[in-house]
Protein chains: 2
Amino acid sequence: MRNLNAIPLSALRVIEAVARTGTLAAAAEELGVTAGALSQRLGKAEKALGQPLFLRASTGLSPTDACARIAPRLTSAFTELSGALDDLREEAESVLTITVAPIFASRWLIWRIGRFNECHPGVSVRLVPGVPLVDLDRSGHDAGIRVLPASAARPANAVKLLDQRVFPVMSPALARGVKVPEDLLRLPVIRENEGLQGWGPWWEGMGRVPPVMPAGPAYEDASLCLDAAMMGQGVFMAWETLACDALERGQVASPFPERIRTGSTYWFATRGASARKPALLEFRNWIQEEIDVSIRQWRGT
Amino acid sequence: MRNLNAIPLSALRVIEAVARTGTLAAAAEELGVTAGALSQRLGKAEKALGQPLFLRASTGLSPTDACARIAPRLTSAFTELSGALDDLREEAESVLTITVAPIFASRWLIWRIGRFNECHPGVSVRLVPGVPLVDLDRSGHDAGIRVLPASAARPANAVKLLDQRVFPVMSPALARGVKVPEDLLRLPVIRENEGLQGWGPWWEGMGRVPPVMPAGPAYEDASLCLDAAMMGQGVFMAWETLACDALERGQVASPFPERIRTGSTYWFATRGASARKPALLEFRNWIQEEIDVSIRQWRGT
DNA sequence: GACGGGGCTTTAGAAAAGCTAAATGCGAAA
DNA sequence: TTTCGCATTTAGCTTTTCTAAAGCCCCGTC
């Protein structure tokens, strides 16, 4: 492979094009430069290789034996390169790579993505679950869906998908004993990573001073916490996108109709270079509609 | 194929090398430039393609999905290019392309070339019969064997193979009636292209004033003339390299022992760029020896 | 036999690309 | 924390490559 260092690749391209088209002029047209430039490149190539590659005839250039023998291989190699490049471009157009917080992907997005595929068969969406906020312009992702607290700066190239709202969920059996918020104090609180995310805003939203609550089991991520809630292990303060489907299916119950804003926001951030991809715009539109539908549904409006 | 115009081929090479080696530093070593140069090329490539191709990790660069997908194709394409180049080089070393006057090729060289092949199995000799003197430096031939009259300029990069000598030949039956040169006047003269090449110098060399001779059949080339002589159609003034084998085999007879110089010379001319090819030197040495042997033999020394 | 055209080559100057070396940044391992 | 490995950036310099125009050669035409 190192022998490619000895001769500029552009020279090989000239050899290929001239061998294929038969004239310098035609090759020049194809490569988008003047014939003079090619003549020079060719001259250099022949000098570098120590042998003439084309016989100069009045009607054009005809390859020497040796050149004719390798020309098809050059053609095939460049065709391969060209094809690979095509694929790259095509894929760039038809494939969306989207980084999503796992919680959103696992409990909401992946159950709906099939519908997008049905409507847009030419587009393939790849979800990349990932917690860390990646710099989209460097990561190779076309877009990212992330939840940011109100305190965070508005991300670049981002549109708001929805305000995050929370509410307590529990198994339907437990819910039967819960009539007023204070009833919750009798239940263990299922915590994500030992934290009590969302409880403060919720009590306040309900017009109460946040009380001390009995600690229940803790799990590593919100999805596991929701499972625990389904199983009756306690009460869990759930994000709406996390719980809406479980609520719909009756796997968990929500005793109070209030949906309290935490101040966090879902953002759909687009990579600058992908901003013009039609597939990406379609996807964003689709997800916005889908969120609308989904929320309207389960909020019971 | 035109899409290759949009991005420098060297950038593709960087992509390939980095994808394969995993680090910029290793790729830089392979391509023989600094890592900084590659970083720049890569940056340009990513900009040109509108998408990042590698994720920057602290341990090196890791290709994005899309890049990983095309990388093997790039590798295969460059391997193909590299292989083609190798072949070109190898062939340049092991293949000799030699342009020869057809008369010399057909009656002398091709019957002996097999011996060269036996001694030098790695070298393959291609004879390109051709009358016109080609410019070796432009024709793609490594060497040429040509006969030039004394008046011609000594060709560049040429060594003398032998002085051309001529003598009359005829069928053994006819030869029985020929004791002195004047006996030839009773025979038809077989002519090449209506000409009487060689007769003047021969008569003079024999100490005679060139007489008028009876015209016989004419043929297009000397090889056909020799055939005619074998068949008893007359007498033919043959070049020694043309007739020596036929003489050896008794197909023609030469009544006089004198071998008269015409002043023409066989040259072995080498293309400048091929002058250092070991195979070419071997061939030249071989042909010189072969000529020595052949001439010594049939001159009966 | 001059003429014209197609096609390659040459030339000079200008533009662009590419390179190097060194400074910088950034994680991870020690 | 320090250090180490690796990538990136910067500035300046070299080298390459390009273009446009003129030149040359061969060939067929008028």
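Naming convention: chains lettered A, B, ... in sequence-line order (proteins, then strands); numbering from 1 in each chain. Because the structure is predicted, anything quoted here is derived from the model rather than measured.
Comment: B:Arg276 does not engage B:Glu93 in a salt bridge, judged by the lack of any side-chain N to carboxylate O separation of less than 4.0 angstrom.
Within the 4.5 Å cutoff, the side chain of B:Leu148 has heavy atoms near those of the B:Pro155 side chain.
Whole-Å rounding puts the A:Leu53 CG to C:dC8 C1' distance at 16 Å. With rounding to whole Å, B:Phe54 atom CZ is found 16 Å from D:dC6 atom P. One interatomic measurement links the two molecules: CD of B:Glu29 to C1' of D:dC6, which rounds to 15 Å at whole-angstrom precision. Remark: P of C:dG18 and CG of B:Leu42 are 13 Å apart, rounded to the nearest angstrom. Remark: C1' of D:dT8 and CG of B:Leu55 are 16 Å apart, rounded to the nearest angstrom. One can place NZ of A:Lys47 at 15 Å from P of C:dT9, the figure rounded to the nearest angstrom.
Contact annotation: A:Arg56 side-chain N/O to C:dT9 OP1/OP2 distance is under 4.0 Å. Within the 4.0 Å cut-off from OP1 or OP2 of C:dT9, at least one side-chain nitrogen or oxygen of A:Ser39 is found.
Looking only at atom types and distance, the side chain of B:Tyr266 has a donor-acceptor partner in the side chain of B:Gln164 under 3.5 Å away. Between the side chains of A:Ser62 and A:Arg56, no donor N or O sits under 3.5 Å from an acceptor N or O. A donor atom on one side chain and an acceptor atom on the other are not found under 3.5 Å apart for B:Arg154 and B:Thr265. B:Asn3 and A:Ser82 share a side-chain donor-acceptor pair at under 3.5 Å. Using a 3.5 Å distance cut-off with no hydrogens or angles, the side chains of A:Arg126 and A:Thr97 do not pair a donor with an acceptor.
Contacts between residues 61-68 of chain B and DNA chain C, defined by a heavy-atom separation under 4.0 Å, are absent. Contacts between residues 13-26 of chain A and DNA chain C, defined by a heavy-atom separation below 4.0 Å, involve A:Thr23, A:Leu24, A:Ala25, listed by number.
The minimum heavy-atom distance linking B:Leu24 with B:Ser39 is given by the pair CD2-CB, 3.8 Å.
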Sort me out a list of protein N/O and nucleotides 17-20 of chain D N/O pairs below 3.5 Å, or just none if empty.
from   : atom 1 : to      : atom 2 : distance (Å)
D:dC18 : OP1    : A:Arg41 : NH1    : 2.5
D:dC18 : OP2    : A:Arg41 : NH1    : 3.3
D:dT19 : OP2    : A:Thr34 : N      : 2.8
D:dT19 : OP2    : A:Thr34 : OG1    : 2.9
D:dT19 : O4     : A:Gln40 : NE2    : 3.1

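Partners of A:Arg20 under the side chain to side chain donor-acceptor pair (under 3.5 Å) rule, at least two apart in sequence or in another chain, are A:Glu16, A:Glu30.
Under the ring-ring contact (aromatic ring centres under 6.0 Å, His included) criterion, no residue pair touches residues 56-82 of chain A, with sequence neighbours excluded. For residues 64-84 of chain A, the salt bridge (Lys or Arg N to Asp or Glu O under 4.0 Å) pairs, not counting sequence neighbours, are A:Arg69-B:Glu91, A:Arg73-B:Glu80, A:Arg73-B:Asp87, A:Glu80-B:Arg73.
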